[in-house]
Protein chains: 2
Amino acid sequence: MELHEPELRDVPVTAVLAALADDVRLKIVRTLADGGEHVCGTIELGIAKATRSHHFKVLREAGLTRTRVAGTSRYVRLRREELDRLYPGLLDAVLTAPARS
Amino acid sequence: MELHEPELRDVPVTAVLAALADDVRLKIVRTLADGGEHVCGTIELGIAKATRSHHFKVLREAGLTRTRVAGTSRYVRLRREELDRLYPGLLDAVLTAPARS
DNA sequence: ACCGTTGTTCGACAGTCGTCGAACAAGCTC
DNA sequence: GAGCTTGTTCGACGACTGTCGAACAACGGT
């Protein structure tokens, strides 16, 4: 299993923004914002698992998440420190924004 | 001429992020970041004017810019104060980010 | 009144994106 | 090993997006 996790500085800002510009992915990011590791499947999203897998892939390849494989599960967490270092304020701004109505 | 400029709070965060997640529009925003008014046509973008018009429309309808009509020209400026109030840190994070290589 | 300038709108087109079911892979448990 | 669970991958499909040329609209200057 190749876990493609790019260096954040190699990811264009537009890719980071595009990754955040989706309701499903934003919900994932909000959930991960507690700082802990979450198993992909435990985040309730109301979509097919293929779609779920797709969104986690987008987040990972945009440098937003770090994934640890353990058994059949994947533990995902937000790369908050790195993000705050490279884009100070971005994550906070997005997270404190009013949730989707 | 109907100038559709929504209240920022009525625009979903994802729409704001999507508007910023494009190289051309990001370049426009960076140019407008000096706080002044710019005439649409004076910003060098290297694209057809139809496309240019499209991008300015996206920015306007995402609540990112304010447009003033004067003669045949449109004066555009960034809605920075409102943006900073609703999404503190977002604009700064995007603007200080390394420009697209 | 004509012409040039500035922008918008209207198809059209290619490309990307979100979504899904189905098939597959890998691990755990009995 | 059989079966279940957890995710990924593979088309496929419809919707949206960025791009353009052409046509149009509105204004300014001569």
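We name chains A, B, ... by the order of the sequence lines, and we start the count at 1 in each one.
Contacts of A/Arg25 classified as salt bridge (Lys or Arg N to Asp or Glu O under 4.0 Å), with partners at least two apart in sequence or in another chain: none. Under the rule for a salt bridge (Lys or Arg N to Asp or Glu O under 4.0 Å), B/Asp22 has no partner lying at least two apart in sequence or in another chain. Remark: A/Arg52 pairs with A/Leu45, A/Ile47, A/Phe56 by the side-chain contact (heavy atoms from CB on, under 4.5 Å) rule, at least two apart or across chains. Residues meeting the side-chain contact (heavy atoms from CB on, under 4.5 Å) test with B/Ala18, sequence neighbours left out: A/Ala21. Taking B/Arg68 as the reference, B/Glu37 meet the salt bridge (Lys or Arg N to Asp or Glu O under 4.0 Å) condition, with sequence neighbours excluded. Under the side-chain contact (heavy atoms from CB on, under 4.5 Å) criterion, B/Glu61 pairs with B/His4, B/Lys57, not counting sequence neighbours. Under the side-chain contact (heavy atoms from CB on, under 4.5 Å) criterion, B/Glu44 pairs with no residue, sequence neighbours left out.
Nucleotide C/dG7 holds its P atom 8 Å from the CZ atom of B/Phe56, rounded to whole Å. If you take CZ of A/Arg60 and C1' of D/dT9, they are 12 Å apart, rounded to a whole angstrom. Rounded to an integer number of Å, the gap from CZ of A/Arg74 to C1' of D/dT6 is 8 Å. Atom CD of A/Glu61 is separated from atom P of D/dT8 by 11 Å (rounded to the nearest Å). Here D/dT17 presents its P atom at 17 Å from CG of B/Asp23, a figure rounded to the nearest Å. Here the P atom of nucleotide C/dT19 and the NZ atom of A/Lys57 are 16 Å apart, to the nearest Å.
Applying the under-4.5 Å side-chain rule to Ile, Leu, Val, Met, Phe, Trp and Tyr, the cluster around B/Tyr75 extends to B/Val39.
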Problem set entry | Contact pattern, 5' to 3', of nucleotides 23-30 of chain D - B, S or - by protein heavy atom under 4.0 Å | ---BB---
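Among pairs with a residue in residues 78-97 of chain B, those fulfilling salt bridge (Lys or Arg N to Asp or Glu O under 4.0 Å) read B/Arg66-B/Glu82, B/Arg79-B/Glu82, B/Arg80-B/Asp84, B/Arg80-B/Asp92, at least two apart in sequence or across chains.
Mapping A/Ile47 and B/Cys40 onto DNA chain C via the closest heavy atom, the residue that lands nearer the 5' end is B/Cys40.
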Filtered N/O pairs between nucleotides 16-18 of chain C and protein, under 3.5 Å:
residue	atom	partner	partner atom	Å
C/dG18	OP1	A/Arg25	NH1	3.2
C/dG18	OP1	A/Arg25	NH2	2.9
C/dG18	OP2	A/His54	NE2	3.1

For nucleotides 10-16 of chain D, print each protein N/O atom paired with a nucleotide N/O atom at under 3.5 Å, atom names and distance only.
none

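Partner B/Thr31 forms a side-chain contact (heavy atoms from CB on, under 4.5 Å) with one of B/Ile43, B/Val76, B/Leu78 and no other, that one being B/Ile43.
Checked against C/dT9, C/dG21, C/dT6, the side chain of B/Ser73 finds its nearest nucleotide in C/dT6. Of the candidate nucleotides C/dG21, C/dT9, D/dT8, C/dT9 has the atom lying nearest to any side-chain atom of B/Ser53.
Although no hydrogens or angles enter the test, the distance criterion places no donor-acceptor pair under 3.5 Å between the side chain of A/Ser53 and the main chain of A/Lys49.
Close to C/dT19, at under 4.0 Å from its OP1 or OP2, lies no side-chain N or O of A/Arg52.
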